[in-house]
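Naming convention: chains lettered A, B, ... in sequence-line order (proteins, then strands); numbering from 1 in each chain.
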Number of protein chains: 2
Amino acid sequence: MATPTPITSALDRAGYRLTAPRQALAALIADQDGHFTAAGLVAAARSRRLGVGRATVFRTLEVLEAIGAIERLDLPGGEHAYVGCKPAHHHHVVCSRCGRTSEIRDADLQRVVRHVARQTGYRVDEHRLELFGLCPACLAGDARPKARKS
Amino acid sequence: MATPTPITSALDRAGYRLTAPRQALAALIADQDGHFTAAGLVAAARSRRLGVGRATVFRTLEVLEAIGAIERLDLPGGEHAYVGCKPAHHHHVVCSRCGRTSEIRDADLQRVVRHVARQTGYRVDEHRLELFGLCPACLAGDARPKARKS
DNA sequence: AGGATATTGAGACTCTGTCTCATTCGTGCT
DNA sequence: AGCACGAATGAGACAGAGTCTCAATATCCT
């Protein structure tokens, strides 16, 4: 029923069609608190009988990443995950216990990039920073943070 | 033939046996200039008739990563690759054209990590920084850098 | 409403990586 | 040197992620 989410409007804005599978996936993604995986979405779609095929999930994730509505990240174990995010460049901290993620605005990384460029002679075009640790809620001894979407 | 490489001695030091397959793989890895992939090693081992099975390649990579002789990195496309490296904590710049990698010593990243911790309230335990760009040789218009291991 | 076109689901397919298991190899002990 | 035990190995089965094809369908524009 076209519950509008940041994702659906981003799709619309980028000139993609607002189909039922995409809306269903957008809703599933909007429900996610921390990061989520392609396999997880496939499973969720199947268990809720959304009639969304595996191929569509992967294609949609590809589109969403292309328009910057989600970002792909590589977990330490080598798994791939995604997080919904805003279009500006940024990075994520991932809680290793509960999976929640937080965005980092700028993080003063430009100086690091410049430093590296100077040190190695490379022209650095792209970078990726991923941080892992414990979120405030888990730190406080509360293994299952209560806030869902704030 | 036991051509000794940093990798073979690291294996030895860590109490692992210096078997023929491991020496062969160590030699293959020592030949790599930039990063290399598991699949690439498997193919190289097969094409050179080293008699090293796929399982052994993966097991050896696992061991080498465990003892810190190589490091696993995640390329932008989602592929996994490895680079030979020294045990100290560090990061890599990967040349997007020729695949060569360079190590970055410290990169002043601690301040960034502290900054993030302060900003988000997370306790940051682990981080990963990967940079991509053009190496000096490729920048100079020389698509095929000549230096091998310096 | 109608047509061009983007999108879809199903399933085959490829590729990476893991696991099992019988066999071989290396090492320490006698 | 001979032996016994455990580590390491190769082959191949297996599992899971992700891609691709193709015919069918839904969507948007006019």
inquiry  = Under 4.0 Å from OP1 or OP2 of dG17(C): is there any side-chain N or O of His80(B) that close?
reply    = yes
query = Under 4.0 Å between a side-chain N/O of Thr19(A) and OP1 or OP2 of dT8(C), yes or no?
reply = yes
inquiry  = Heavy atoms from C-beta onward define the side chain here; which of dG17(C), dT9(D), dG6(D) lies closest to that of Arg17(B)?
reply    = dG6(D)
note = With His91(B) as partner, the option from Glu71(B), His127(B), Glu130(B) fulfilling side chain to side chain donor-acceptor pair (under 3.5 Å) is His127(B)
ask   = To the nearest Å, how far apart are Asp12(A) CG and dC28(D) C1'?
value = 11 Å
request  = Nearest whole angstrom, please: distance from the C1' of dC28(D) to the CG of Leu11(A).
outcome  = 15 Å
request  = Starting from C1' on dT18(C), measure out to CZ on Arg54(B) and report it in whole angstrom.
outcome  = 11 Å
request  = To the nearest Å, give me how far apart CZ (Phe36(B)) and P (dT16(C)) are.
outcome  = 15 Å
message = Nearest whole Å is fine: how far is dG11(C) P from Arg46(A) CZ?
response = 11 Å
message = I'd like to know if the side chain of Arg22(A) reaches the main chain of Arg17(A), judged simply by a donor and an acceptor atom lying under 3.5 Å from each other, with no hydrogens or angles considered.
response = yes
Least distance between heavy atoms, Leu18(B) atom then Asp12(B) atom = CD1-N, 4.0 Å
remark   = To the nearest angstrom, the CZ-C1' distance between Phe58(B) and dA15(D) comes to 13 Å
request  = For Leu18(B), answer base if it contacts any base atom (sugar-phosphate contacts may also be present), sugar-phosphate if it contacts only those atoms, and nothing otherwise; contact means non-hydrogen atoms under 4.0 Å.
outcome  = nothing
request  = Please work out if Ala55(B) contacts a base, only the sugar-phosphate, or nothing of the nucleic acid, heavy-atom cut-off 4.0 Å.
outcome  = base
d(CD, Glu65(B); C1', dG17(C)) in whole Å = 13 Å
query = Are Arg22(B) and dA8(D) close enough that a side-chain N or O sits under 4.0 Å from OP1 or OP2?
reply = yes
query = Are any side-chain N or O atoms of Arg128(B) and backbone N or O atoms of Leu131(A), one a donor and one an acceptor, separated by less than 3.5 Å?
reply = no
query = How would you label the contact of Ala38(A) with the nucleic acid (heavy atoms, under 4.0 Å): base, sugar-phosphate, or nothing?
reply = sugar-phosphate
request  = State the CD1-NE2 distance between Ile70(A) and His35(A), to the nearest 0.5 angstrom.
outcome  = 13.5 Å
Glu62(B) CD to dA7(D) C1', straight-line distance once rounded to whole Å = 15 Å
key: Arg59(B) (side chain) and dG10(D) (base): donor-acceptor pair under 3.5 Å   = yes
ask   = If you check every side-chain atom of Val52(B), which of dT7(C), dG10(D), dA12(C) has the closest atom?
value = dG10(D)
